[in-house]
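Start at 1 and go down the list; that is how both ligands and their atoms are numbered. Note: hydrogens, waters and symmetry copies are ignored here, and every other heavy atom, side chains too, is used.
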Amino acid sequence: MATDIRSRLRDLTGQLEEKHSLTEKEYAFLIENRDEETARDLASRAVKIRRQIYGNDVFTRGLIEISNICRNNCYYCGIRRDNKNCSRYRLTPEEIFDCAREGYGLGFRTFVLQGGEDAWFTDERLCEIVSRLKDSFPDAAVTLSMGERSRESYQRLAEAGADRYLLRHETADEEHYGRLHPPEMSFRNRMDCLKELRAAGYQVGAGFMVGSPYQTAAHLAEDLKFIETFKPDMCGIGPFIPHHETPFAGFEQGSLELTCFLLSVIRLIHPPVLLPATTALGTIHPTGRELGILAGANVVMPNLSPLGRRKQYELYDGKICTGDESAQCVECLDARMRRIGYRLVKERGDIRK
Ligand code: SAM
């Protein structure tokens with residue numbers, strides 16, 4: 001590699017650590033010209049800065065996949081409306097509560113209720129579920145990840161006690177958004193939802209897939225600029241993985257290397273951000289989640305869904321952790337984190353600003 005590119009890469013990594021900001025052009029340059037040395041440099045700066053804030057703690061969030069019924073038809077997603085070969089389920093409020101109780105018994109103090117956009121979960125029903133969880137487990141945080149809803153809905157759910165909301169923006173480029181979603185879905189609405197969630201008082205999670213179809217370095221640079229300006233409390237990024245029953249079945253999966261590279265960059269952009277080493281990352285590589293932590297992530301999300309349902313929440317092919325009991329999932333993650341010198345922490349794990 002030409003020495004001027006190398007020295008430019010070095011300048012940019014230093015600048016990122018110092019100023020937590022680059023221009024979109026610089027982000028794109030960093031991505032397009034990245035090499036092993038730059039990745040190592042960024043990872044060591046990212047780990048250093050994360051250690052100053054979180055030490056060796058890795059936060060856990062107990063994930064409960066409450067429904068795979070969805071009115072949306074995202075081209076990448078295995079639970080999209082038009083997948084007629086998806087066997088659909090919805091947990092009852094009692095089942096959701098049982099999962100949380102089991103998780104609470106295992107020490108979890110954060111529950112993430114995630115699902116497709118399932119109309120059964122009206123505000124009334126969801127508020128009731130949230131209030132019951134908050135009444136029963138007052139020291140636990142309740143996070144929702146139920147897609148796009150109205151401003152009033154977000155407000156009502158916050159009043160019922162929901163603390164956090166995860167809604168990946170998926171891509172910060174409107175044209176690219178249009179290539180990942182059918183015309184009835186709107187980039188503007190997704191972005192407005194994120195603003196409304198923040199206004200309603202939630203800790204907000206955004207995020208995107210790495211290596212989604214048609215994604216370019218310029219798109220990723222827009223994602224990074226969005227993270228830099230919006231400063232979400234959490235940022236979920238994971239590789240795109242094709243699902244055989246979707247229009248994107250024939251596309252290549254996103255790479256481990258680029259995902260880890262971007263985890264380091266995002267840590268440096270927004271040092272306190274809660275950054276999960278996702279299940280998708282663990283799916284494309286046997287130690288993907290560990291590599292994510294070593295690149296700068298600090299959250300893992302073990303599955304607390306009922307064992308019999310886990311395979312049905314198949315967003316992409318080959319999803320891991322569908323055959324283990326919740327307790328086994330936690331033990332496995334605990335051992336994985338210890339092996340790389342980290343400590344799994346089950347408390348609420350709020351962002352440390
Ligand atoms: N319905 C909610 C929403 O839209 O935010 C939550 C559920 S949605 C299935 C959760 C996330 O899964 C999406 O934000 C998307 O980034 C991710 N996802 C879906 N299909 C995927 C795939 N094929 N590969 C990787 N991630 C995928």
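The contact set between ligand 1 and Met209, taken as ligand atoms under 4.0 Å from a residue heavy atom, comprises 16 (O), 21 (C), 24 (N), 25 (C), 26 (N), 27 (C). Residue Tyr313 approaches ligand 1 through these ligand atoms, each under 4.0 Å from one of its heavy atoms: 7 (C), 9 (C). Near Ser145, meaning under 4.0 Å from one of its heavy atoms, ligand 1 places the atoms 6 (C).
Backbone and side-chain nitrogen or oxygen atoms of Arg168 are examined, and one is located within less than 3.5 angstrom of a nitrogen or oxygen of ligand 1. At least one N or O atom of Arg190 sits closer than 3.5 Å to an N or O atom of ligand 1. Checked against a 3.5 angstrom limit, the closest N/O atoms of Gly115 and ligand 1 fall inside it. Where the criterion is an N or O separation shorter than 3.5 Å, residue side chain and backbone included, Tyr76 meets it with respect to ligand 1. For the pair His243 and ligand 1, the shortest N or O to N or O distance does not fall below 3.5 Å. Taking distance alone, with nitrogen or oxygen atoms compared against 3.5 Å, Met146 stays at or beyond that limit from ligand 1.
For the residue pair Glu148/Asn189, the side-chain donor-acceptor check at 3.5 Å is satisfied. Side-chain contact of Tyr75 with Asp82: a donor-acceptor pair under 3.5 Å is absent, judged by distance alone.
The main-chain N or O of Ala140 is never found under 3.5 Å from a side-chain atom of Arg109 such that the two would form a donor-acceptor pair.
Counting non-hydrogen atoms of neighbouring residues, nucleotides and ligands closer than 6.0 angstrom, the CD atom of Glu124 reaches no more than 12 such neighbours. Other residues, nucleotides and ligands contribute over 12 non-hydrogen atoms within 6.0 Å of the CZ atom of Arg88. More than 12 heavy atoms of other residues, nucleotides or ligands lie within 6.0 Å of CD in Glu32, so this atom counts as buried by the packing criterion.
Using a 4.5 Å heavy-atom threshold, the side chains of Tyr313 and Ile79 count as touching.
In this structure, atom 23 (N) of ligand 1 lies nearest to the protein heavy atom Ile241 O, 2.7 Å. Atom 13 (C) of ligand 1 has Glu170 OE2, 3.2 Å as its closest protein atom, hydrogens excluded (heavy atom only). The closest protein non-hydrogen atom to atom 9 (C) of ligand 1 is Leu315 CD2, 3.4 Å. Looking only at heavy atoms of the protein, atom 25 (C) of ligand 1 is closest to Pro239 O, 3.4 Å.
Ring pair Tyr165/Tyr154: centre-to-centre distance below 6.0 Å.
Counting only heavy atoms, the protein never gets under 4.0 Å from atom 11 (C) of ligand 1.
Each of Glu65, Arg310, Gln312 was compared with Ser305 under the side-chain hydrogen bond (donor to acceptor under 3.5 Å, both in side chains) criterion, and only Glu65 meets it.
In Cys77, the parts holding a heavy atom less than 4.0 Å from any atom of ligand 1 are both the side chain and the backbone.
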